[in-house]
Amino acid sequence: MFGWSGRTLNVDLTSGKCLTQPTPDDLITHFLGGAGINAKILYDEVGPEIDPFDPGNRLIFGAGPLVGTLAPSSSRMTVTAKGPFTFAFCDSNSGGHFPAELKFAGYDHLIFRGKSPNPTYLWIDDDEVQLKDARHLWGKDVWQTEDIIREELGDPDVKIASIGPPGENLVRYAVIINDHARAAGWGGMGSVMGSKNLKAVAVRGTKGVQVAGQERFEKACLKAREMIIKSPKMKTIGIWGKPWLNWLRNEVQKSNPTKNYLLPRVPAEEFNKVGLDAFMDLVVKWKGCFNCPLDCGHVLLSKTGPYAGTMGEGFEYNQAIDGQMMAIYDLNFVLKWTVETNRLGIDCDGPAYATAWAMELYEKGMITNKETDGIDLTWGNQEAAFQMLDKICKRDSPFAHLLGEGIDLASRKFGKGSEKSAYHVKGGRLEIDPRTGWATALSHATSTRGADHLKGMPLSNAFGTWKNIPYEFTDDSKLDYKAEAVVFFESLNSVIDSIGLCKNDTWSQSAECPGLHEFAEMMTALTGRSYTANSLLEIGERIYNVERAYNSRCGLTRAHDTFQEKFFTEPIETKMRVVDKEKFENLKTEYYTIRGWDPATGHPTGKKLRELGLGTIADDLEKRGIIKD
């Protein structure tokens, strides 16, 4: 095949059997690859009765057709499972070099099922596949794990994706780390991996990717690369990376989650400590993923203070928020937090948001040193933050175990009104304040994997360009076209995650970067199949409907597409001030109507599903009594 390897590796961890099978052509035709095929496999193989940590759950790695090719930024993979804190659909995306290596070894997808009787890791050496004993790796952090596996295999170029102690201990926001610092960080995929006693996946590939029309493909890829280089992103994300957003949200949009949302943004007298100048003081050099011209990553070094000498890759906008949520205004702390969470294999946000929630309870007197194992959870206490991180990863006390459940589950188990201070959607922690704007609010509420800015949040004027309408994403306080824009970006981003590109330098971020037209040119030349911008967008719509249908089957409805009361009643400095509840519900109705879903329930209708070629899913939902045709 061209583009796709045409092969899926099925690994039954219970029996120890590994079976390579052809990737079904109908999946390739209708779902592209990566996130799209992953979602369909999850729907077909994991029912609503399956607990996320049950051996019946699947852990699915997917690398799309463009991964490992000349296409710029073409090394993204998606990992999908029933989510350990959403208890419904969940996936996570990672870059680096591991995804391309998986394609070079000749695999589009890895599907893990069952549970190994003992800790194990998968070793893929092109066509040679075997499960190897990992009992000596259990308890090791991800960096130690990478070093030991490479030494055992005698190959320094082996690419490895692994978990650390948080994944082994089923901390619900544990991650899968590859290439030392690249994380499938959202959704707790590391804990699902740990529940299967799977410590790591190591891969070495030498096959490359076959191309149908080489000259045409090279031309399309060079065009896309040139667009990125000439785009505004080279002067923003290409220099500052995602910390640029910290300045934008704090100083321009006036909304930046701080002190567990008790503050709308970082106080003026503190912001210079976490702003762009402070960030650039840490930069040693720039670093990018496989075949990326943007180089939005950095190697950072702490030069002064208690963390002097700390060096690592990073960091993203959300890691700066991690400090701010705990009222810690110090990027040296953020760098140390980034390095430690990467090394341990835990989502940087998970323990930060849980600790910030606990700090608010501590301030209110709802918990004391007795519950916190003697840790002084006062705002801004850096030592306490690292103490809680260590205890959460080990789950070595009742309180640490509670925080390891994530803020939604933790607050519901703790009770006493603490739920009001746990900010999430569908169990997923809320990273951006919905009072920022209407599209921000709607996209976070309707995201299929919980509160999220990477599924459908409009971050560029690509929608206005695509529709040739006066849509302006920079003023999100206006309601015009917002529902339609969110629908567009949800479908667009489904395509991006399925073909294997990065959102940082595509239409998802900038209308001047490669978009649907360029994707169609590259895909057509690569695969020898005919694609257009419209045909890709239709596939993206089909993928998002599968994800939503999975959630419907798991019991999620329109009522779950919402926020805590604070965001509807407490005004901040943004143009919106608050999310007007009546307008928000009307916007949701408009969104469901555009989607062709039932406005009363939020479920996809049988008519829409069949329109998209998803008749078997429509039949399933009708049989279960979830929808009526």
Side-chain angles (χ1 to χ4, degrees), residues 4-5 7-9 11 33-35 37-38 59-69 71 73-81 91-112 121-126 128-129 132 134 137 141-150 152-153 155-164 167 174-187 189-190 192-193 198-209 287-292 296-297 313-314 342-343 345 347 497-504:
W4 301 275
S5 72
R7 302 197 309 170
T8 294
L9 179 61
V11 181
I37 289 180
N38 282 11
L59 185 69
I60 311 160
F61 289 66
L66 286 173
V67 172
T69 71
S73 304
S74 54
S75 188
R76 305 294 304 191
M77 70 174 176
T78 297
V79 184
T80 306
D91 66 10
S92 190
N93 194 269
S94 183
H97 295 260
F98 180 94
E101 199 75 17
L102 184 62
K103 282 289 294 291
F104 296 158
Y107 302 95
D108 298 315
H109 297 269
L110 308 177
I111 306 174
F112 294 97
Y121 76 89
L122 180 69
W123 166 225
I124 302 172
D125 185 8
D126 284 334
E128 298 296 320
V129 178
K132 299 176 72 71
L137 299 172
D141 66 42
V142 294
W143 295 358
Q144 293 169 327
T145 300
E146 286 191 18
D147 291 343
I148 293 170
I149 290 177
R150 288 196 177 98
E152 284 182 357
L153 298 176
D155 187 344
D157 293 325
V158 168
K159 306 304 178 189
I160 299 165
S162 64
I163 62 170
V175 303
I176 302 170
I177 296 282
N178 61 272
D179 301 301
H180 220 60
R182 302 296 174 177
W186 171 254
M189 296 299 105
V192 176
M193 192 161 163
L198 178 64
K199 180 65 176 178
V201 179
V203 61
R204 191 73 166 96
T206 61
K207 297 184 178 185
V209 180
K287 184 175 181 179
C289 296
F290 171 89
N291 195 25
C292 178
C296 70
E313 289 186 49
N342 284 341
R343 179 181 67 81
D347 178 12
D497 287 340
S498 298
I499 59 180
L501 297 184
C502 178
K503 295 188 176 80
N504 276 346

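The analysis underlying the following values was restricted to heavy atoms, covering all of them including side chains, and did not include hydrogens, waters or symmetry mates. Bear in mind the structure is a predicted one, so any value in this text is a computation, not a measurement.
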Checking side-chain contact (heavy atoms from CB on, under 4.5 Å) for the pair Ile37/Asp108: CA distance, chi angles, key distance, verdict? CA-CA 10 Å; Ile37 289 180; Asp108 298 315; over 6 Å; no
Please round to the nearest 0.5 Å and tell me the distance separating atom [atom1] of [X] and atom [atom2] of [Y].
X      : Y      : atom1 : atom2 : answer
Ser74  : Lys103 : OG    : NZ    : 8.5 Å
Asn504 : Ser73  : CG    : OG    : 8.0 Å
Asp141 : Asn342 : CG    : CG    : 11.0 Å
Leu66  : Ile499 : CG    : CD1   : 5.0 Å
Arg343 : Gln144 : CZ    : CD    : 7.0 Å
Glu313 : Lys287 : CD    : NZ    : 3.5 Å

Does the side chain of [X] reach to within under 4.5 Å of the side chain of [Y], using non-hydrogen atoms?
X      : Y      : value
Tyr121 : Thr145 : no
Asn178 : Met77  : yes
Asp155 : Arg150 : no
Pro99  : Arg76  : no
Val158 : Trp123 : yes
Phe112 : Leu122 : yes
Lys132 : Leu153 : yes
Leu102 : Ile124 : yes

Without swapping roles, check the side chain of [X] against the backbone of [Y] for a donor-acceptor pair under 3.5 Å.
X      : Y      : result
Ser92  : Gly185 : yes
Asp126 : Thr206 : yes
Asp157 : Arg204 : no

Any luck finding a side-chain donor-acceptor pair between Asp91 and Thr78 under 3.5 Å?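 Checked: Asp91/Thr78 side chains show no N/O donor-acceptor pair below 3.5 Å.
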Listed by chain and number, what are the side-chain hydrogen bond (donor to acceptor under 3.5 Å, both in side chains) partners of Asp179, not counting sequence neighbours? none
Taking side-chain hydrogen bond (donor to acceptor under 3.5 Å, both in side chains) as the test, write out the residues that go with Asp347, two or more places apart.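 Once residues adjacent in sequence are excluded, Asp347 has no partner under the side-chain hydrogen bond (donor to acceptor under 3.5 Å, both in side chains) criterion.
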Using every non-hydrogen atom in the two residues, find where [X] and [Y] come nearest and quote the distance to one decimal.
X      : Y      : value
Cys289 : Gly96  : SG-N, 3.2 Å
Ala105 : Val203 : CB-CG2, 3.7 Å
Ala81  : Leu59  : CB-CD1, 4.4 Å
Ser75  : Val67  : CA-CG1, 4.2 Å
Trp143 : His180 : NE1-O, 2.9 Å
Ser162 : Ala200 : CB-CB, 3.6 Å

Decide yes or no on side-chain contact (heavy atoms from CB on, under 4.5 Å) for Met189 and Ile163, but give the supporting numbers first. CA-CA 9 Å; Met189 296 299 105; Ile163 62 170; over 6 Å; no
With sequence neighbours excluded, tell me which residues meet ring-ring contact (aromatic ring centres under 6.0 Å, His included) with Phe98.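 Partners of Phe98 under the ring-ring contact (aromatic ring centres under 6.0 Å, His included) test: none.
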